[in-house]
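Below is one structure, written out as structure tokens; comments come after it.
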Amino acid sequence: MLKVHDIDVYYGDMQALRNVTLDVKKGEITTVIGSNGSGKSTLLRAISGILRPKTGSIQFNDKEITRTPSSGIVEGGISHVPEGRQLFPTMTVLENLEMGAQFSHMQKSAKKTMQEVFTFFPRLKERLSQKAGTLSGGEQQMVAMGRGLMSRPRLMMLDEPSLGLSPLLVSTIFEIIKQINESGTSILLIEQNVFQSLKISNHGYVLENGTIAHQGSSDQLLGNPHIRKTYLGL
Amino acid sequence: MNRTYILLGLILAVLLVLPLMLSKYMLGIFIMMYYYAYLGQSWNVLTGYTGHISLGHALYVGIGAYTSVFLAQRYGLSPWIGMFAGGVLASLIGLFLGFLGFRFGLRGVYFVILTIAFAEITRLIVSHIDALGSFTGIFLDFNPSFKNFQFKGNIPYYYISLGFMVMSLIVVRILETSKAGRFMVAIREDEEAAKALGVNTFKYNMFAIAVSAFMTSLGGCFYANYIFYLHPNTMFGMSLNIELILRPIVGGLGTLFGPVVGSFILTPLSEVSRAYFAKGGMEGLHLVIYGIITILVVLFMPKGIIVYLKKWLKPILSKE
């Protein structure tokens with residue numbers, strides 16, 4: 001469904017991604033793991049059109065999207081839940097969710113979509129008129145994911161949804177990611193929480209210093225001695 | 001909500017009958033209050049709502065003033081029409097500035113420098129164009145008539161400036177509740193997140209700067225025909241750039257009534273203290289007082305006076 005082919009991405013003169021190739025298959029959860037600064041967020045920002053790769057191509061459902069502006073990418077069915085939540089703090093939860101439905105076909109079904117969002121995150125229903133900035137970290141993550149669902153994406157990209165959450169909440173969030181996937185949305189998950197993310201995903205990639213160091217099915221990766229040593233400390 | 005409208009209606013009614021009992025001097029102070037509230041509101045559209053700090057809004061005041069006066073003196077065009085020509089020109093220049101700033105992702109201090117540079121460059125250019133009075137400025141001839149936007153006495157100016165202020169409130173209120181306004185706030189709070197959700201941030205940034213520049217320049221036309229004298233240093237200068245932004249900051253940035261509240265507090269203070277200290281040979285001391293007040297507000301009321309005002313008014317406004 002999503003094919004990233006051999007992309008190089010730069011910040012000014014600094015190369016952040018080198019020859020990155022990656023596939024997300026329809027209906028699956030694909031995880032990209034890696035430590036801080038390995039280029040994980042850069043990869044998502046390149047796919048969602050916030051950054052432009054210098055070389056290489058990105059295709060979504062066999063359509064070239066390498067040069068598509070970010071609004072076109074959202075319209076085409078990819079939603080990006082950015083790292084650190086990035087909510088609009090003075091807007092209410094409802095307004096934040098509404099911001100997720102940018103295009104007219106999304107707005108038409110916005111009410112229905114919101115009900116679906118509430119089935120994943122019943123807590124949000126109670127918090128609708130509260131300012132997003134006043135929510136707890138876990139609730140903010142729920143708003144961010146809910147906002148990402150409002151565009152009815154075919155592929156949802158999540159950038160470190162477990163960041164800064166308590167272990168119990170992390171499990172809840174991963175459980176919900178699984179449910180979202182089971183309801184038909186393909187998922188590209190970026191994580192540092194290697195064990196939990198590989199456990200819910202089908203395929204995994206390991207990003208090290210801007211290049212793909214390992215890839216394979218999640219079970220293979222969990223059994224890989226290098227990964228066990230470097231990322232799980234086993 | 002209903003009570004809010006009643007209160008606003010009462011205030012407006014008082015302001016409408018006020019000229020009957022005010023001296024010419026007091027009228028002048030009120031006119032400046034409305035004028036600076038209007039300019040502050042115009043600036044607020046860009047900086048308050050999208051968060052891009054402009055420290056060069058005098059540019060648009062100057063363009064509005066010079067364009068309308070030039071068209072009136074050279075071609076006899078009524079300032080009522082020339083004002084909109086100035087508005088369009090100001091918008092175009094604002095769009096050019098915005099294109100440079102937003103297309104190339106200038107943020108924070110770099111955007112600020114760009115806005116200052118545009119204002120200063122324009123000031124220097126105008127200072128050297130003879131057709132625009134160069135560095136001696138332009139004196140307007142006094143030909144009072146409605147068509148000429150010139151009047152005897154202060155009362156017509158009072159109502160025009162009040163009208164400007166009320167119009168700006170209505171425009172910003174409409175903007176606040178519109179889709180565009182919502183996107184502008186999203187840009188202010190997190191531009192990248194807005195982009196990631198598919199908001200065309202470039203488009204709404206450009207929209208904001210065009211509206212803001214247009215509104216600001218209408219104020220410039222009013223001011224020119226009120227004081228009858230244009231000078232590059234006062235119309236495009238740094239001191240106006242700063243005067244213009246103090247009131248919305250003190251009142252409450254990015255709020256509907258912040259610029260008005262800020263102006264109703266700072267403008268009388270400025271005018272009275274200016275007159276008072278000028279007699280004592282201490283011209284400029286009013287600016288010191290100004291500075292102190294701004295520092296105090298920023299320190300103790302970082303969200304502006306409006307937040308506290310709303311708290312005080314809440315018991316009155318929230319009852320059935």
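Residue numbers begin at 1 in each chain, while the letters A, B, ... track the order of the sequences. All heavy atoms count here, side chains included; hydrogens, waters and symmetry mates do not.
More than 12 heavy atoms of other residues, nucleotides or ligands shown are found within 6.0 angstrom of CD1 on B/I242. For A/Y11, the OH atom counts as densely surrounded, since its 6.0 Å shell holds more than 12 non-hydrogen atoms of other residues, nucleotides or ligands. Taking a 6.0 Å sphere around CG of A/N209, one finds it holds 12 or fewer heavy atoms contributed by other residues, nucleotides or ligands. Summarising the local packing, CZ of A/R18 is surrounded by 12 or fewer heavy atoms from other residues, nucleotides or ligands at distances under 6.0 Å. Atom OH of B/Y110 is surrounded by 12 or fewer heavy atoms from other residues, nucleotides or ligands within 6.0 Å.
Taking chain B as the reference chain and counting heavy-atom pairs below 4.5 Å, the highest number among A/M150, A/H80, A/E95 is found for A/E95.
Contact of A/L44 with chain B is not made at all, since no heavy-atom distance falls under 4.5 Å.
Across all their heavy atoms, A/T90 and B/V185 have their closest contact at OG1-CG1, 4.3 Å.
Scanning residues 58-74 of chain A against chain B with a 4.5 Å heavy-atom cutoff picks out A/S70, A/S71, A/V74, ordered by number.
With rounding to the nearest 0.5 Å, the separation of CE in A/M99 from CD in B/E189 is 9.5 Å. Once rounded to the nearest 0.5 Å, the distance linking CG of B/L197 with CZ of A/F88 reads 5.0 Å.
Applying the salt bridge (charged side-chain N to carboxylate O under 4.0 Å, His left out) test to pairs two or more places apart or on separate chains, those with a residue in residues 179-188 of chain B are A/E98-B/R182.
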